[in-house]
2 protein chains.
Amino acid sequence: MPFNLDELDLKLLSHLQENARISAKDISRKIHLSPNSVSIRIKRLEERGYIKQYVTVLNNTMLNRKLMTFTGVRLIHNNSSNLESFMEYVKYVPEITSCYHVNGMFDFLLQIVATDMQDYRDFLINTLAKFDNISELRTFFVLNEMGAGHAIDLTHLRSKFKRDQKRMN
Amino acid sequence: MPFNLDELDLKLLSHLQENARISAKDISRKIHLSPNSVSIRIKRLEERGYIKQYVTVLNNTMLNRKLMTFTGVRLIHNNSSNLESFMEYVKYVPEITSCYHVNGMFDFLLQIVATDMQDYRDFLINTLAKFDNISELRTFFVLNEMGAGHAIDLTHLRSKFKRDQKRMN
DNA sequence: GCTGAAAATTACCTGGA
DNA sequence: TCCAGGTAATTTTCAGC
């Protein structure tokens with residue numbers, strides 16, 4: 001997979017990471033390129049798959065989702081059909097906002113958003129524990145989500161790639 | 001904090017969650033409201049804080065960030081000044097894309113994105129372990145990020161709120 | 001990749017329910 | 001207070017270079 005992005009593409013992606021609704025014109029002013037070219041580049045980045053999605057981050061608390069957890073899940077039998085059926089299962093559970101297949105002391109790490117403690121308890125008992133084949137559920141309640149919130153750092157990407165390409169020669 | 005969103009606001013937020021770059025006109029067609037009113041509502045939702053940010057989700061792998069981990073951190077002394085200095089610390093570390101203060105067997109859960117295993121190792125040794133006061137670091141390598149990807153479910157929010165409001169009377 | 005015109009979208013203002 | 005319509009301003013798209 002060739003890396004064929006230039007400095008302008010990377011700057012463009014940086015701005016889009018910060019604000020997905022920025023106009024092509026505003027970007028054009030910041031990276032010194034015509035609005036036209038900015039639009040074309042954005043479309044190209046979308047088509048080639050560099051941009052996956054534009055999402056809106058909502059204030060969960062104000063929307064009555066006051067509880068967030070990371071819940072570690074361990075399956076009883078870790079064969080591939082069980083792994084796959086669990087992955088398929090989580091797709092249809094709205095409370096699960098992210099699902100990560102991990103190594104180590106858990107098989108999966110789920111990010112879960114619920115209204116409150118009672119709602120989470122109901123979810124555990126009536127939804128998650130209904131899935132056979134779970135041996136362990138361990139909840140990390142999120143007390144505070146903070147710091148970071150970093151988008152991925154693209155500023156040093158170009159030089160890094162240059163080094164990688166050199167190494168390949 | 002009064003909950004003064006109506007069905008239209010919730011539908012609007014749902015569409016914005018899926019696609020932050022959707023135009024007011026496209027939303028207007030979907031929720032049967034004039035483009036004009038849609039714009040006004042979006043602005044109001046931004047001002048009142050229901051909308052936190054519009055972000056672009058990039059393809060990390062294509063941008064040479066092939067490794068993701070969740071790394072559990074345990075501090076030696078859990079007093080408030082140590083907690084705060086750790087939170088302050090993570091703000092300036094670009095590899096840390098999210099930081100969650102949690103209860104249980106870790107104090108913090110960090111989501112980390114790195115180029116590859118070597119890069120992650122360098123990060124652990126040269127950056128994270130440089131922070132005094134860490135007693136335990138446990139890495140969950142993300143083998144696969146899948147399923148879910150759910151935005152928060154707003155479809156049943158209205159009825160839920162009605163119930164809550166009833167309960168308060 | 002740029003320019004310039006046409007098309008589409010958004011912002012603003014006013015009236016009406 | 002909230003919504004619709006009309007107009008102005010901005011932004012995006014498309015053609016030609």
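Within every chain, numbering begins at 1; the chains are lettered A, B, ... in the order of the sequence lines, protein sequences first and strands thereafter. The structure displayed is predicted, hence computed values, not measured ones.
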### Query
Is B/Glu47 paired with B/Arg44 through a side-chain N to carboxylate O contact shorter than 4.0 Å?
no

### Query
In chain order, what residues pass the ring-ring contact (aromatic ring centres under 6.0 Å, His included) check against B/Phe86, with sequence neighbours excluded?
B/Phe108, B/Phe131

### Task
Output the residues of residues 28-45 of chain A in contact with DNA chain C, where contact means a heavy atom of the residue under 4.0 Å from an atom of the strand; sort by number or write none.
A/Leu33, A/Ser34, A/Asn36, A/Ser37, A/Arg41

### Task
Only counting residues at least two apart or in another chain, list the ones meeting salt bridge (charged side-chain N to carboxylate O under 4.0 Å, His left out) with B/Glu136.
B/Arg138

### Query
Hey, where on DNA chain D does chain A first and last touch, going 5' to 3'? Cut-off is any atom under 4.0 Å from a heavy atom.
D/dT11 to D/dA15

### For A/Phe106, all residues meeting ring-ring contact (aromatic ring centres under 6.0 Å, His included), sequence neighbours excluded
B/Phe140

### Residues forming a side-chain contact (heavy atoms from CB on, under 4.5 Å) with B/Arg121, sequence neighbours excluded
B/Ile125

### Query
By side-chain contact (heavy atoms from CB on, under 4.5 Å), which residues pair with A/Ala24, not counting sequence neighbours?
A/Val38, A/Ser39

#### Entry: Beyond-backbone contact of B/Arg41 with B/Leu8, side-chain heavy atoms, under 4.5 angstrom
yes

### Summary
Those residues at least two apart in sequence (or on a different chain) that pass side-chain contact (heavy atoms from CB on, under 4.5 Å) with B/Gln111 are A/Tyr100, B/Met68, B/Phe70, B/Thr97, B/Ser98

### Task
Answer yes when B/Asp116 and B/Arg65 have at least one side-chain N-carboxylate O distance shorter than 4.0 Å, and no when they do not.
no

### Query
For DNA chain C, which nucleotides open and close the run of contacts to chain B, 5' to 3', at under 4.0 angstrom from a non-hydrogen atom?
C/dT9 to C/dC13

### Query
With B/Asn79, which residues qualify under side-chain contact (heavy atoms from CB on, under 4.5 Å), at least two apart?
B/His77, B/Ser81, B/Asn82

Enumerate, atom names and distances included, each donor-acceptor pair closer than 3.5 Å involving a side-chain atom of residues 10-20 of chain A, sequence neighbours excluded.
residue	atom	partner	partner atom	Å
A/Gln17	OE1	A/Ile152	N	3.0
A/Gln17	NE2	A/Ile152	O	3.0
A/Asn19	OD1	A/Arg21	N	3.0

### Toward the 5' end of DNA chain D, by each residue's nearest nucleotide, B/Leu8 or B/Arg21
B/Leu8

### Task
Write down the atom of A/Ile51, the atom of A/Tyr54, and the distance for their closest heavy-atom approach.
CD1-OH, 3.6 Å

### Query
Bend across the helix from C/dG1-D/dC17 to C/dA17-D/dT1, to 10°, with axes taken over 5 pairs at each end?
30°

